[in-house]
Number of protein chains: 2
Amino acid sequence: MKADDKTNNRTTIKTVSLAAGVSMKTVSRVLNKERYVSERTRARVERAVADLQFTPSVAARILAGKRSYQIALIYDNHSPHYIHQIQTGVWARCTEEGVRLLAQPSDVSSPNLASEIGGLIDQTQVDGVILSSPVTDAAVVLQELERRNVPYVRISPGTEQARASSVSMDDVKAADDMTSHLIALGHRKIGFIIGHTNHAASDQRLFGYRRALDRAGVSYEPKYVLPGAFDFSSGEAAADILLDLQTPPTAIFASNDDMAAGVLTVAHRRGLALPGQLSVAGFDDTALASQLWPPLTTVRQPTRELAYAAASLLFAMRGEVAHRRLPHELVLRASTAAPAKA
Amino acid sequence: MKADDKTNNRTTIKTVSLAAGVSMKTVSRVLNKERYVSERTRARVERAVADLQFTPSVAARILAGKRSYQIALIYDNHSPHYIHQIQTGVWARCTEEGVRLLAQPSDVSSPNLASEIGGLIDQTQVDGVILSSPVTDAAVVLQELERRNVPYVRISPGTEQARASSVSMDDVKAADDMTSHLIALGHRKIGFIIGHTNHAASDQRLFGYRRALDRAGVSYEPKYVLPGAFDFSSGEAAADILLDLQTPPTAIFASNDDMAAGVLTVAHRRGLALPGQLSVAGFDDTALASQLWPPLTTVRQPTRELAYAAASLLFAMRGEVAHRRLPHELVLRASTAAPAKA
DNA sequence: TATCAATATGACAGCGCTATCATATATCCT
DNA sequence: AGGATATATGATAGCGCTGTCATATTGATA
């Protein structure tokens with residue numbers, strides 16, 4: 001990349017101060033909405049800023065001040081749709097606040113995760129971090145952030161920790177709701193595909209499934225519960241096993257939509273009538289859910305809203321720990337129905 | 001967000017220079033891989049850097065130097081999957097280069113698009129920009145970047161411009177290939193759903209479709225060609241119209257996978273046997289394509305690779321304009337087959 | 001009117017780097 | 001050997017802001 005010849009005619013705070021007839025410091029005060037600036041002066045400065053189309057240099061602000069006007073979003077998630085929602089939500093809130101967002105993909109299984117994140121902080125001096133699952137549960141990361149005294153918020157499906165702020169939804173309740181829906185339709189043999197083990201939500205959803213069965217007096221059958229990894233192919237694999245059972249389930253509840261899509265594919269491949277011979281439910285309400293056939297019954301996870309709320313929490317942070325819980329919603333589509341008579 | 005008490009014990013280039021027994025400037029030279037540093041000195045400095053876990057402050061570098069070690073990726077695309085691929089590709093190359101990536105969602109239809117981007121550049125002093133479709137074709141943006149002398153690369157499906165570097169795939173050829181595939185299967189009545197009009201690729205794909213028909217001596221029927229907007233519901237709408245025709249097409253080629261998913265849904269809803277009664281083809285090979293039923297025949301667009309190549313081009317830029325074209329690939333799955341006998 | 005706090009503004013240092021220029025040493029040629 | 005280069009290193013001045021401290025200016029209070 002060619003060295004860009006910035007022939008020093010940048011508009012700086014000095015240019016503005018000259019134009020407005022005040023000191024640099026006063027311009028700085030206006031820019032930062034500090035107290036003790038008279039209305040007249042403020043107006044004059046704002047005028048000059050607008051006329052000159054002045055935009056302060058983030059670099060200089062970071063170097064001189066304590067704030068960097070940047071926060072980082074750290075994620076390691078293989079669902080593009082989920083990440084996109086998270087990014088969009090956080091970004092929206094950042095824009096309102098005039099703060100820049102650095103998106104930082106990472107790898108929770110990397111041995112030097114903590115030092116990578118430490119490096120990021122040193123380099124960019126971000127003044128806050130938002131963590132999305134499963135990085136929310138990487139102890140080394142939390143430690144690193146605490147050691148460096150960097151405020152952070154966890155977007156954490158289902159889990160709250162006393163030490164750090166978080167936003168979450170009630171995964172247990174959501175899975176319970178979905179399972180109860182299937183039971184209400186008349187299903188008694190309900191398969192369940194667990195999510196990836198490094199996501200805290202996976203346990204929560206499993207627990208919700210069991211709780212609903214329990215309450216309804218439906219016996220829990222370990223053979224109906226299989227591990228998955230939140231991806232399409234693990235959904236296919238689990239579905240094949242479930243449908244090969246002597247008494248296969250009449251409904252399968254997958255811990256996310258991708259795995260549910262895998263179940264649908266297997267069902268189609270086997271020529272099953274859907275939803276008559278097999279009901280399928282997912283979790284997340286990704287774009288995928290409504291584009292499948294039959295359209296997928298699922299749980300709408302308020303991802304974008306969670307992300308937005310997380311950023312709000314970060315900006316409002318004053319040292320204390322806070323938690324926000326956002327409501328989920330059962331989205332009933334055509335992939336679930338009463339089981340066919342035996 | 002609480003003001004982070006940076007109790008000034010930051011490791012700086014000065015700390016390192018003291019430890020290594022050289023001047024600050026020499027440390028800087030090593031950091032920037034400049035010439036004229038002896039092997040012995042370089043080793044000593046690198047040692048000190050490692051020992052102290054030193055990471056230079058991006059802010060100070062930007063302020064002092066000409067480079068900012070940051071580039072921006074500007075996009076406005078409603079396909080999370082596409083954006084994710086682009087981000088991942090660019091990010092990978094940036095990481096190799098030690099450059100930070102700012103992701104900048106934008107809105108091509110916004111009247112102050114140019115000034116937003118101007119502001120971004122002023123604020124962050126990015127030393128290069130990567131544009132993804134459809135921002136690639138927003139004239140105001142290109143002008144703004146040129147005016148400010150910021151190097152940029154366009155990730156531009158199908159279009160090359162003499163004035164700016166770009167990476168692209170051959171959309172015309174790809175659409176031609178797919179259409180030819182359908183013709184080879186025996187289809188003569190082939191529906192086509194055009195992409196969103198603000199994407200340059202849309203025209204290209206349409207042209208490829210026509211060219212293939214032409215070459216094969218299949219007559220072009222305007223009634224088989226409908227507008228779309230690259231989203232699921234426009235695919236559904238177009239499919240409904242096409243399948244309501246007196247002599248409906250035996251195959252439908254949609255300009256992207258989302259619209260193809262819409263076509264599949266309509267076909268299922270109408271109880272058509274797939275692919276016997278209707279072949280469906282998409283474009284992009286998003287994750288969706290293989291998760292639908294039947295799995296979708298589509299064109300694999302090398303999105304990630306395009307993004308990676310775009311970043312490479314940007315870093316290698318020395319003022320001259322360059323173009324790279326990457327190969328696409330026909331992905332044949334179960335959604336296309338010979339038409340059923342009439 | 002004198003005294004104090006609250007309000008309003010500015011001068012100036014310095015954040016952590018890189019650019020520029022000066023200087024010192026090694027290597028080459030005729 | 002004696003200059004002319006190429007190589008290697010350092011001293012110093014900013015980059016564009018914000019923090020700190022000093023200095024008005026006002027209004028409120030006794």
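So you know, we letter chains A, B, ... as the sequences are listed, proteins then strands, and number each from 1.
The main-chain N or O of B/Val108 is found under 3.5 Å from a side-chain atom of B/Asp76 such that the two form a donor-acceptor pair.
With distances taken from any side-chain atom of A/Thr26 to the nucleotides C/dT20, C/dG16, C/dG10, the minimum falls on C/dG10. Of the candidate nucleotides D/dG16, D/dT18, C/dT18, C/dT18 has the atom nearest to the side chain of B/Arg61. When distances are taken from the side chain of A/Ala64 to each of C/dG14, D/dG10, C/dC17, the shortest belongs to C/dG14. Side-chain proximity of A/Thr41 to C/dT9, C/dC17, C/dA19: nearest is C/dT9. Residue A/Thr12 has its side chain nearest to D/dG16 when only D/dG16, D/dT18, C/dG16 are considered. Residue A/Leu63 places its side chain closer to C/dG16 than to any other of D/dT9, C/dG10, C/dG16. Checking D/dG16, D/dG19, D/dA8 against every side-chain atom of B/Ser38, the shortest atom distance belongs to D/dA8. If you check C/dT9, C/dT18, D/dC17 against the side chain of A/Arg29, the one that comes closest is C/dT9.
Map B/Ala60 and B/Val22 each onto its nearest nucleotide of DNA chain D; the residue landing nearer the 5' end is B/Val22. Across the interface with DNA chain C, nearest-nucleotide mapping of A/Met24 and A/Val37 shows A/Val37 to be the residue nearer the 5′ end.
Residue-level contact check: B/Arg35 touches the backbone only, with heavy atoms under 4.0 Å from sugar-phosphate atoms and none from bases.
The shortest distance between the side-chain N/O atoms of B/Ser23 and the OP1/OP2 oxygens of D/dG10 is below 4.0 Å. At C/dT7, one or more side-chain N or O atoms of A/Tyr36 fall inside 4.0 Å of OP1 or OP2 (strictly under the cut-off).
The base of C/dA11 has none of its N or O atoms less than 3.5 Å from a complementary donor or acceptor on the side chain of A/Lys25. The base of D/dG16 does not come close enough to the side chain of A/Lys14 for any donor and acceptor atom to sit less than 3.5 Å apart.
When the C1' atom of C/dC17 is taken as reference, atom CD of A/Gln125 falls 11 Å away, rounded to whole Å. One interatomic measurement links the two molecules: CG of B/Asn32 to P of C/dT20, which rounds to 13 Å at whole-angstrom precision. The nearest whole Å value for the distance from the CZ atom in A/Arg40 to the P atom in D/dT25 is 14 Å. Rounded to whole angstrom, the span from the CD1 atom of A/Ile62 across to the C1' atom of D/dC17 amounts to 11 Å. In this structure, the CD1 atom of A/Ile13 is 17 Å from the P atom of C/dC12, given to the nearest Å. As rounded to whole Å, 14 Å separates atom P of D/dC17 from atom CD of A/Glu34. The distance from atom NZ of B/Lys66 to atom C1' of C/dC17 is 14 Å, rounded to the nearest whole Å. Between A/Arg44 atom CZ and C/dA8 atom P the separation is 14 Å, expressed in whole Å.
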Evaluation steps, side-chain hydrogen bond (donor to acceptor under 3.5 Å, both in side chains), between A/Gln301 and A/Gln85: CA-CA 11 Å; A/Gln301 178 170 13; A/Gln85 298 261 65; over 6 Å; no
Stepwise side chain to side chain contact (heavy atoms under 4.5 Å, CB included) check, B/Arg10 with A/Asp122: CA-CA 9 Å; B/Arg10 194 181 209 284; A/Asp122 280 346; 4.3 Å; yes
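Using a 3.5 Å distance cut-off with no hydrogens or angles, the side chains of A/Tyr308 and A/Glu96 do pair a donor with an acceptor.
Between A/Arg154 and A/Asp137 a salt bridge is recorded (basic side-chain N to carboxylate O distance below 4.0 Å).
A 4.5 Å side-chain heavy-atom check between A/Ile74 and A/Tyr152 finds every atom pair outside the cut-off.
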